[in-house]
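Okay, so here's the structure we're looking at.
Values reported hereafter were calculated over all heavy atoms of this structure, with side chains retained and with hydrogens, waters and symmetry mates removed. Letters go in sequence order (proteins before strands), and every chain restarts at 1.
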Protein chains: 2
Amino acid sequence: MSVNDNSVNIKNDKRGYHHGDLRSALVQAGLELLKTRSAEEVSLREIARLVGVSATAVYRHFPDKAALLGALCDEGGRELGRLQLEAMQRSGGGRAGFDAVGRAYVRFALDNPTLFRMMMTTRQAVDFLDMPEGRDNSALQLLRDNIASLTPAGASPEQRRIAALRAWSIVHGLAMLMLDNQVPTDEALIDAVIDSMSAGIAT
Amino acid sequence: MSVNDNSVNIKNDKRGYHHGDLRSALVQAGLELLKTRSAEEVSLREIARLVGVSATAVYRHFPDKAALLGALCDEGGRELGRLQLEAMQRSGGGRAGFDAVGRAYVRFALDNPTLFRMMMTTRQAVDFLDMPEGRDNSALQLLRDNIASLTPAGASPEQRRIAALRAWSIVHGLAMLMLDNQVPTDEALIDAVIDSMSAGIAT
DNA sequence: CACTCATGTTATCGCTGTAAACATTGCCGA
DNA sequence: TCGGCAATGTTTACAGCGATAACATGAGTG
């Protein structure tokens with residue numbers, strides 16, 4: 001009779017036995033919980049509870065917890081791509097665009113700490129360096145073009161690779177360090193580091 | 001009668017009721033398990049099992065699991081400091097020393113993925129940028145001096161701060177990206193990025 | 001209108017971290 | 001030398017977790 005069993009029994013609002021679109025409701029609820037709790041603190045049962053459904057209903061839509069979290073990561077990836085693309089376009093491209101994309105990357109990380117961490121830890125490698133022309137990473141592709149246009153004309157592909165990786169390392173490292181409170185989350189600091197990054201890209 | 005209860009009952013070797021130095025045995029075992037398993041996959045009970053002691057015995061030495069993991073982080077921090085100091089000294093300081101410390105940082109991360117991740121996520125901020133002259137971070141202090149000597153003579157303290165943070169971001173970002181398989185773990189790549197980092201430190 | 005099968009539920013398992021009560025023993029003062 | 005206490009171990013217990021299996025419901029199609 002414990003209230004924390006698999007059953008939830010709330011089911012306050014009128015929705016019958018079938019939910020309608022449980023899958024996206026679970027994703028929605030998961031993203032919501034990730035805003036406050038850290039990743040391993042979010043339980044399947046809690047997500048199900050929030051949606052108002054039994055814990056095991058989740059397994060009709062995801063093979064296991066990792067799969068659900070993976071879906072959250074997908075959602076986050078799309079959002080990040082959108083933000084980066086928007087930042088790039090708003091800034092007008094070129095070096096300013098490069099900086100803007102970097103800032104969008106860091107900002108996304110700071111705005112979605114748990115999700116970002118999970119995306120990086122869990123997700124399949126995007127293989128940013130080899131830049132597959134694949135479907136879903138338009139932002140990365142944009143970035144690639146930008147880096148290509150910023151590096152000196154005579155730069156070898158290998159040099160471009162290094163420049164790209166260094167730039168990625170800078171924004172990623174900065175984001176992680178701030179996420180982990182190793183460095184104060186200071187807007188001016190972000191700008192300064194990113195500025196010094198793009199200044200040095202034509203090494 | 002389950003074999004997975006709190007009790008372990010192995011206790012094969014002759015050690016009586018009292019262990020002798022259970023605390024460091026637990027730390028030792030914890031570090032061992034972290035080599036193969038990821039952090040959240042290591043359970044208190046498993047560590048205790050490995051040491052041959054009941055699960056709850058742990059609580060005589062650590063208030064909770066986080067505290068034990070914290071002790072592992074401390075150990076890792078000391079080791080990292082040692083390695084960086086050694087790298088610095090072996091290389092003879094200067095720019096070579098700076099690179100060597102960066103490489104040691106990345107290498108430590110790659111050699112101790114779980115521990116490194118935990119150290120960064122869990123640990124109290126070292127506040128690398130403000131560089132407390134504190135006792136235990138001799139390596140960081142060394143690094144600070146090195147950065148100071150590498151930046152142009154006319155650089156302001158703020159500029160040095162930025163240069164230091166960018167350098168840290170590069171090695172940290174590179175380490176994390178490789179740890180997360182976002183980038184191939186390639187020795188030559190590490191060298192190239194770090195080389196381009198120290199080349200650009202006098203920006 | 002009946003059947004089917006996708007989608008929900010309940011019951012249960014073994015694992016986890018942790019609290020509480022009990023057991024053992026090293027050590028220190030009388 | 002002995003008595004007892006504090007430190008350090010053990011057993012027992014509990015709630016929450018992810019996951020499986022068996023069962024219930026009902027939407028949509030023939």
For [X], give me all partners under salt bridge (charged side-chain N to carboxylate O under 4.0 Å, His left out), at least two apart in sequence or on another chain.
| X | value |
| --- | --- |
| Asp111(B) | none |
| Asp21(B) | none |
| Asp195(B) | Arg95(B) |
| Glu158(B) | Arg161(B) |

Contacts of [X] that satisfy side-chain contact (heavy atoms from CB on, under 4.5 Å) - sequence neighbours left out:
| X | result |
| --- | --- |
| Leu31(A) | Val27(A), Leu72(A), Glu75(A), Leu115(A) |
| Ala192(A) | Ile162(B) |
| Ser149(B) | Asn146(B) |
| Glu32(B) | Lys35(B) |

I want to check something: taking the side chain as every heavy atom from C-beta on, are Ser169(A) and Leu177(B) in contact at a cut-off of under 4.5 Å?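 When only atoms from C-beta onward are counted, Leu177(B) and Ser169(A) do touch, with a gap below 4.5 Å.
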Going by heavy atoms in the side chains, are Leu179(A) and Arg117(A) under 4.5 Å from each other?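 Contact flag for Leu179(A)/Arg117(A) side chains = yes.
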Please report the distance, rounded to the nearest Å, between [atom1] in [X] and [atom2] in [N].
| X | N | atom1 | atom2 | result |
| --- | --- | --- | --- | --- |
| Glu41(A) | dG18(D) | CD | P | 12 Å |
| Arg49(A) | dT9(C) | CZ | P | 14 Å |
| Arg45(A) | dC17(D) | CZ | C1' | 6 Å |
| Arg37(B) | dT16(C) | CZ | C1' | 15 Å |
| Leu22(B) | dT8(D) | CG | P | 10 Å |
| Phe62(B) | dT8(D) | CZ | P | 12 Å |
| Lys65(B) | dG16(D) | NZ | P | 18 Å |
| Tyr59(A) | dC17(D) | OH | P | 12 Å |

Whichever of Pro63(A) and Ser43(A) has its nearest DNA chain D nucleotide further upstream toward 5':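 By nearest-heavy-atom nucleotide position, the 5'-most residue is Ser43(A).
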Residue mapping more 5' on DNA chain D - nearest nucleotide basis, Leu44(A) or Arg60(A):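 Nearer the 5' end of the strand: Leu44(A).
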Taking OP1 and OP2 of dG9(D), is either one under 4.0 Å from a side-chain nitrogen or oxygen of His61(B)?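 Answer is yes, contact under 4.0 Å.
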Examine the base of dT12(D) for any acceptor or donor lying under 3.5 Å from a partner atom in the side chain of Thr56(B), and report the outcome as yes or no.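 A donor-acceptor contact between them is absent.
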For residues 23-32 of chain A, which residues have at least one heavy atom under 4.0 Å from DNA chain D?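 Per residue number, the list is empty: none.
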When you measure from every atom of DNA chain D, which of residues 68-75 of chain A have a heavy atom less than 4.0 Å away?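 Those residues whose heavy atoms fall under 4.0 Å from DNA chain D, taken from residues 68-75 of chain A, amount to none.
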Note down the inter-axis angle between the two ends of the helix from dC1(C)-dG30(D) to dA30(C)-dT1(D), five pairs each, to the nearest 10°.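 Here the helix ends are tilted 10° relative to one another.
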Sequence neighbours excluded and cut-off under 3.5 Å, please list the side-chain donor-acceptor pairs for residues 58-66 of chain B, or say none.
residue: Asp64(B); atom: OD1; partner: Ala66(B); partner atom: N; Å: 3.4
residue: Asp64(B); atom: OD1; partner: Ala67(B); partner atom: N; Å: 3.1
residue: Lys65(B); atom: NZ; partner: Val42(B); partner atom: O; Å: 2.8

To the nearest 0.5 Å, what is the distance between CZ on Phe116(A) and CD on Glu79(A)?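 Taking CZ in Phe116(A) and CD in Glu79(A), the distance rounds to 13.5 Å.
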